[in-house]
Amino acid sequence: MDAQQLSQVESLCETLYASGVSTENGKPISRAEAQSRLLSLQSSADFIPQCQYILDHSSSHYARLVASNALTELITTHWNNFTIPQRIDIRNYILGYLANQGPGLQTFVVTSLIKLVCRITKLGWFDDASHRELADDVTKFLQATVDHCILGLKILNQLVDELNIPTSGRTLTQHRKTSVSFRDVCLFKVFQLGLTTLKQLQSRAISADPRQEAILGEQSLSLTVRCLSFDFIGTNPDESTEDVGTIQAPSSWRTVLQDPQTMDLLFDFYAKTEPPRSSKAMEAVILLCSIRRSLFSSDKERAAFLGKVMLGIRELLSNQTGLQHMDNYHQFCRLLGRLKANYQLSELVKADGYLEWLDLASSFTVQSIRNWQYSTNSIHYLLALWGRLVAAVPYVRPDTGAQGHVQALEKQVLTVVESYIDNMVGSAEMVLTSDGALDDPLEDDGSLKEQLDRLPVICRFQYGPVGNKILSKFDPLLSQYQEMLNLVGSSSTANAPADIAQRISITEGQLTWLTYMVGTIVGGHSWSSAHMGDGEEAIDASLSRRVLQLAQMVDYRLTSTNGVGRSDSKLEQALLYYFQHFRRVYMFMWDQVSNDGGVSNAVSVVGLMVAKLDSASSSKQKVYQRMFEHMGMGDHTQVANQIVTKMGNNLKYWPEENDIVAKTLDLLLDMAGGYSSSKL
């Protein structure tokens with residue numbers, strides 16, 4: 001390549017990346033054609049010298065990017081065409097280029113060059129010892145100027161990613177062999193380099209301006225997070241979720257991970273920095289709290305570690321440190337949700353300050369729920385914490401740990417649940433009166449499902465008071481809704497007077513929330529012998545009666561107006577959600593408690609036959625019968641007829657609403673599949 005060809009490449013790069021104009025024989029070259037010509041550099045290993053020439057002589061950042069990307073692709077695709085000395089030469093050339101030119105390059109060029117170095121290191125890991133010594137080579141960057149130190153941290157971050165994530169074209173066996181070797185040889189050293197840089201920043205041992213300090217802190221914390229979240233044992237965790245599993249750190253990491261100074265360092269960075277550094281520090285704390293219990297040599301050491309974590313959490317909750325930032329808040333909610341997942345309740349109640357921690361966590365949860373508009377995506381982590389605490393109560397003796405811990409948990413859980421009911425029901429009015437300024441949490445299917453999935457175990461912990469709370473909300477709203485429907489008559493809600501229409505919309509929104517809550521709570525009924533005598537079926541019946549009455553009101557209006565008087569589609573979907581959960585818990589019993597000798601007094605429900613309950617009632621049958629007696633809406637066949645009628649009307653009057661039609665058909669399919677085919 002000569003200067004003229006280099007100029008042509010730079011012109012093509014300007015056309016591709018900066019919408020510049022380049023010509024050939026007086027004709028303009030399009031972006032697509034420029035891209036095609038530049039991609040030809042990736043077609044053969046013979047173009048490697050040209051790529052090096054571009055890096056050495058071009059002043060265009062875009063040309064350098066193209067050359068770097070081409071080298072990465074050529075190295076990956078034609079790896080076996082290179083000798084071991086050639087691979088080492090290319091690696092050393094790029095490292096030297098970064099050392100000499102790196103601080104003055106654009107970020108996107110630096111990122112591409114670093115990716116190239118790490119790709120060569122990964123592919124040649126077993127070729128030569130020099131590849132396995134990259135961390136030692138990068139130490140020279142860390143000991144040079146501040147800009148070089150930033151470059152070094154970026155290289156280490158990319159190196160951990162490269163060795164942790166499979167490369168296309170290589171088998172999983174090849175990847176794991178390299179990854180395991182990296183873990184054993186290099187990863188701990190890289191982790192220590194990240195922590196050392198954080199300590200130097202904390203002690204002001206690095207002379208840097210505020211911008212450089214911020215970048216160093218962010219890169220060091222990112223490196224710490226990457227090392228802790230490394231796939232140590234090849235479980236290939238799902239990267240699409242935020243849920244953190246147990247961190248399977250090697251035993252050789254024990255002294256650093258158990259060291260109280262490590263936890264103090266991360267909490268200190270969280271408290272004294274702003275996002276994204278503070279949120280990264282909290283993410284590192286989450287990972288540190290998730291290390292495997294077998295890493296600790298004794299229960300005493302693990303208890304001391306837990307005590308340190310809980311002390312840090314109590315201080316943050318007491319001072320509300322950094323929680324005004326959304327990123328920090330979200331990560332802190334993840335920490336609370338993760339704490340119980342990795343520690344047993346019997347360990348938590350023995351920790352110093354457990355009752356204070358419980359009270360602070362309750363206050364924080366209530367505050368978060370009250371400010372639901374800012375925390376919709378985080379509330380489910382807090383509900384997960386309370387759900388896990390509640391689920392573990394039967395396995396902990398009341399006299400274990402802090403005195404009165406069970407009573408304290410009962411009190412705090414009730415406070416949290418009542419706050420959730422009040423504020424979620426109240427959110428309907430806030431959304432409708434905000435003129436579009438607030439997003440409706442009922443339309444966020446992901447967060448709504450996460451929250452509803454965690455409610456049953458929490459609500460059933462104090463089911464009596466919680467049931468009464470829901471009924472105290474449901475009954476007045478049902479009465480108000482009936483009165484307003486009487487006022488509008490056969491008109492649609494849209495044609496009603498503005499104040500009535502708004503009031504109907506608000507009431508339907510509030511009833512939608514209550515219906516979802518009842519659906520998920522009823523769906524959480526347990527048929528295990530341990531819960532059979534609790535009388536919970538009576539509360540299920542009271543709550544179900546209200547929802548079925550609501551369904552009758554909605555359906556009557558829909559049919560009597562020939563589809564004109566339709567309720568909010570979200571309320572219709574909530575009713576289908578309730579029917580699904582009711583079906584799972586109570587409909588499956590229709591076959592299980594039916595007479596095995598045949599079908600007596602069978603009742604036809606859209607072609608389905610339901611057997612009459614056997615007179616010799618088992619304990620399950622008694623609970624089942626009490627449920628329908630308390631509900632007072634007829635026996636199981638009448639309830640089934642109501643549900644099936646509702647499904648038919650949905651399909652008749654909501655043909656254009658895909659969500660309602662799809663969920664109705666899903667319910668119909670599940671109901672049909674729930675009956676024994678041998679009895680049809």
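For Phe364 and Tyr329, the ring centers are positioned less than 6.0 Å apart. Under the 6.0 Å cut-off for aromatic ring centres, Trp386 and Tyr420 do not qualify, their centroids lying 6.0 Å or more apart. For an aromatic pair to be called close, the ring centres must be under 6.0 Å apart, and His525 with Tyr586 satisfies this.
A donor-acceptor pair under 3.5 Å links the side-chain atoms of Asp440 to the main chain of Leu442, judged by distance alone.
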Original post:
Can you list the steps and then say if Glu629 with Arg626 is a salt bridge (charged side-chain N to carboxylate O under 4.0 Å, His left out)?
Top reply: CA-CA 5 Å; Glu629 289 170 2; Arg626 285 200 302 268; over 6 Å; no

**OP:** List the steps and the verdict of side chain to side chain contact (heavy atoms under 4.5 Å, CB included) for Arg546 and Val518.
**Re:** CA-CA 9 Å; Arg546 271 64 176 185; Val518 172; over 6 Å; no

**OP:** Determine, step by step, whether Glu347 and Arg293 satisfy the salt bridge (charged side-chain N to carboxylate O under 4.0 Å, His left out) criterion, reporting the C-alpha distance in whole Å, the side-chain angles of both residues, the deciding distance to 0.1 Å, and the verdict.
**Re:** CA-CA 12 Å; Glu347 295 174 305; Arg293 68 184 300 122; 3.0 Å; yes

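Residues Asp540 and Arg460 are paired through a salt bridge, judged by an N-O separation under 4.0 Å between the basic side chain and the carboxylate. Asp231 has no carboxylate O lying under 4.0 Å from a charged side-chain N of Arg183, or vice versa, which leaves the two without a salt bridge.
Contact record, Leu317 with Ala361: CD1-N, 3.9 Å, taken as the closest heavy-atom pair.
The environment of CG in Asp264 is crowded: more than 12 heavy-atom neighbours from other residues, nucleotides or ligands sit within 6.0 Å.
Side chain to side chain, Glu537 and His630 fail the donor-acceptor criterion of an N or O pair below 3.5 Å.
Relative ring orientation between Phe628 and His636 is described as perpendicular, the plane-to-plane angle rising above 60° on a 0-90° scale split at 30° and 60°.
Met263 pairs with exactly one of Val309, Leu257, Asp268 by the side-chain contact (heavy atoms from CB on, under 4.5 Å) rule, that one being Val309.
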